Amino acid sequence: MATYGAVLRRSAAVVERARAHARSTRKALARFARPQSFAVPPDAEAAAVRAVRNLATFRLYYTLLLWVLLLASLFPRRRAAMLFLMAASKVALFYGALLKAFPTSALLRRVIDRRLVVALALAVILIELALTRSLPQLLLAVGIGLPIILLHAVFRVRDDLFEDGDEKAPAVGGAGELASVL
C-alpha cells in the first residue's frame, strides 16, 4: 500500500486502550491460579458468597476449561463431533466479535439477546453430540471439569478485597468477604 510520503499514525487513545486491555488480560491470567490466592473459607455462607462471586468473575475461564476437556475427550474417536463443536464455537466467537465491533447496536444488544444466543448454541451442540453418540464424552468432560471449577470457585480468594499495602486487613470495613452481602 502506497502512502506517498505520508506518515500513518494510530490514535494514541486506541493504542493505549489496546495496551490496557492486554495488561488487564495478562494480570487476570496471572492471578487465576496463584497458590497464595487460595484459602479455606471461614464458614458455609462465606464459601457460597465466594463461589457465586468467582463463578461470575471467572466464567469465561471456566467455560474454556470445559470446552478444552470436551475437545480432549472427543479427539481420539469422535473427530466429526469435535469438528462440529469447533465450528459451533467459531459461530459463538463471531457473535462476540460482532458485539465488540458494534457496541451500540440495538439489534445485537436488545433483539438478539446474549442469553438467547448462548442457549441456542448449547442446544445445537447438545443435539449434535447426541446424534453422534458422544454424550458419554460430554458427561466425562463435565464430570472432570465441574469438581475442578467448584473447588476453584470456593477456595479462590478475591485479590481486590485487600488494600495494596495491607494483606491482613480487609479493605471494606471489617466484614471481609461478606462485605458486599452485608
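What's counted below: heavy atoms across the whole structure, side chains too, no hydrogens, waters or symmetry copies. Quick caveat, the model's predicted, so the values are computed rather than measured.
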Hydrophobic cluster membership, with links at side-chain heavy-atom distances under 4.5 Å among I/L/V/M/F/W/Y: are [X] and [Y] in one?
X    : Y    : answer
L60  : L93  : no
L129 : L85  : yes
L140 : M82  : no
L120 : L122 : no
L146 : L71  : yes

Self-check item: Within the 6.0 Å centroid threshold, strictly below: H152 and Y61
Solution: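 Between Y61 and H152, which both carry aromatic rings, the centre distance is not below 6.0 Å.
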Just by modelled atom types, is the [Y] backbone N or O under 3.5 Å from a matching donor or acceptor in the [X] side chain?
X   : Y    : value
R50 : V154 : yes
T57 : N54  : no
S24 : H21  : yes

Tell me, do [X] and [Y] make a side-chain contact under 4.5 Å, heavy atoms counted?
X    : Y    : result
Y62  : I148 : no
R114 : L99  : yes
F75  : R79  : yes

Practice problem: Decide, yes or no, whether a salt bridge links E16 with R23 under the criterion of side-chain N to carboxylate O below 4.0 Å. | Solution: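 Between R23 and E16 there is a salt bridge, with a charged N closer than 4.0 Å to a carboxylate O.
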Nearest heavy atoms of [X] and [Y], plus distance in Å:
X    : Y    : result
L70  : L138 : CD1-CA, 3.7 Å
R78  : S134 : CD-OG, 3.4 Å
F38  : V157 : C-CG2, 4.1 Å
R133 : Q137 : O-OE1, 4.1 Å

Quiz item: Could you go step by step and tell me if F102 and L107 meet the side chain to side chain contact (heavy atoms under 4.5 Å, CB included) rule?
Solution: CA-CA 10 Å; F102 304 108; L107 176 69; over 6 Å; no
Can you measure from [atom1] ([X]) to [atom2] ([Y]) and round to the nearest 0.5 angstrom?
X    : Y    : atom1 : atom2 : value
E128 : L83  : CD    : CG    : 9.5 Å
I149 : L69  : CD1   : CG    : 8.0 Å
W67  : I125 : CH2   : CD1   : 10.0 Å

